[in-house]
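Let me begin by presenting the structure, written as structure tokens, before commenting on it.
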Amino acid sequence: QVQLVESGGGLVQPGGSLRLSCAASGSILSIYTMGWYRQAPGKQRELVASITSGGRTEHADSVKGRFGISRDNAKNTVYLQMNSLKPEDTGVYYCNIDVRREYGSGIRTYWGQGTQVTVSS
């Protein structure tokens with residue numbers, strides 16, 4: 001099995017910063033694309049940022065210039081640095097990783113449990 005543990009969410013004032021972490025553990029041979037999604041109340045889950053195993057990143061237009069995704073392959077961990085936070089960034093943030101657990105097996109997608117980010121004064 002594969003477990004994802006997220007941390008770093010919380011309450012922050014507009015203009016503040018937070019850093020989310022998501023550590024993967026368990027039966028893992030290789031990790032491919034890692035990403036962060038968020039879901040605001042009453043809205044669909046949306047992709048915030050992703051990073052490939054080679055380090056290529058993509059960010060949603062709404063967060064470009066403010067958020068930065070990175071990964072530490074030695075720790076099987078993905079990060080999301082969030083700066084200049086706005087109230088509209090409020091939501092539950094989920095990490096998402098594509099994993100191959102053993103040779104010959106397919107690639108499966110796993111989700112974290114979600115961490116709440118609230119931006120409010």
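Predicted model only: the values in this text are computed from it and were never measured. By convention here, the first residue in the shown sequence is residue 1.
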Shortest non-hydrogen separation from [X] to [Y] and the atoms involved:
X	Y	result
Ala24	Leu4	CB-CD2, 3.4 Å
Ala49	Leu47	O-CD1, 3.5 Å
Gly35	Ile69	CA-CD1, 4.1 Å
Met34	Ile97	CE-CG2, 3.7 Å
Tyr94	Gly112	CD2-O, 3.6 Å
Gln39	Lys43	NE2-O, 3.1 Å

task: Evaluate side-chain contact (heavy atoms from CB on, under 4.5 Å) for Met82 paired with Val48, printing each intermediate quantity in order.
output: CA-CA 11 Å; Met82 304 186 293; Val48 176; over 6 Å; no
From [atom1] ([X]) to [atom2] ([Y]), nearest 0.5 Å:
X	Y	atom1	atom2	value
Leu80	Trp36	CG	CH2	6.5 Å
Arg19	Asn83	CZ	CG	11.0 Å
Arg71	Thr57	CZ	OG1	11.5 Å

query: Does Tyr37 belong to the same Ile/Leu/Val/Met/Phe/Trp/Tyr cluster as Tyr79, with side-chain heavy atoms less than 4.5 Å apart forming each link?
result: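 Each belongs to a different hydrophobic cluster.
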task: Please answer: with hydrophobic residues joined when any side-chain heavy atoms are less than 4.5 Å apart, are Val63 and Val78 in the same cluster?
output: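 Hydrophobic grouping puts Val63 with Val78.
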query: Where the side chain of Glu6 meets the backbone of Gly114, is there a donor-acceptor pair that is under 3.5 Å apart?
result: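 The answer is yes, because a donor-acceptor pair under 3.5 Å joins these two groups.
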field: Residue pair Leu18, Phe67: steps toward the side-chain contact (heavy atoms from CB on, under 4.5 Å) verdict
entry: CA-CA 10 Å; Leu18 285 173; Phe67 291 11; over 6 Å; no
Stepwise side-chain contact (heavy atoms from CB on, under 4.5 Å) test for Thr90 and Arg38: CA-CA 9 Å; Thr90 294; Arg38 69 185 178 189; over 6 Å; no
Arg101 side chain reached by Leu29 side chain, heavy atoms, under 4.5 Å: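 In short, these two side chains do not touch, never coming nearer than 4.5 Å.
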Can you give each donor-acceptor pair under 3.5 Å made by side-chain atoms of residues 103-110, sequence neighbours left out, with the distance rounded to 0.1 Å?
residue : atom : partner : partner atom : Å
Ser105  : OG   : Glu102  : N            : 3.1
Ser105  : OG   : Glu102  : O            : 2.6
Thr109  : OG1  : Asp98   : OD1          : 2.7

task: In sequence, state the C-alpha distance, the side-chain angles, and the governing distance for Thr115 and Ser7, and then conclude on side-chain contact (heavy atoms from CB on, under 4.5 Å).
output: CA-CA 7 Å; Thr115 185; Ser7 61; over 6 Å; no
field: Residue list, side chain to side chain donor-acceptor pair (under 3.5 Å) with Arg100, at least two apart or on another chain
entry: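 Arg100 satisfies side chain to side chain donor-acceptor pair (under 3.5 Å) with Tyr32 only.
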field: Qualifying disulfide (SG to SG under 2.5 Å) pairs, either residue in residues 4-101, two or more places apart
entry: Cys22-Cys95
message: Between Lys86 and Asp89, is the salt bridge (charged side-chain N to carboxylate O under 4.0 Å, His left out) condition met? List the steps.
response: CA-CA 5 Å; Lys86 304 176 180 179; Asp89 295 318; over 6 Å; no
field: Within 6.0 angstrom of Glu88 CD, more than 12 heavy atoms from elsewhere
entry: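 Yes, CD of Glu88 has more than 12 neighbouring heavy atoms, counting only those of other groups under 6.0 Å.
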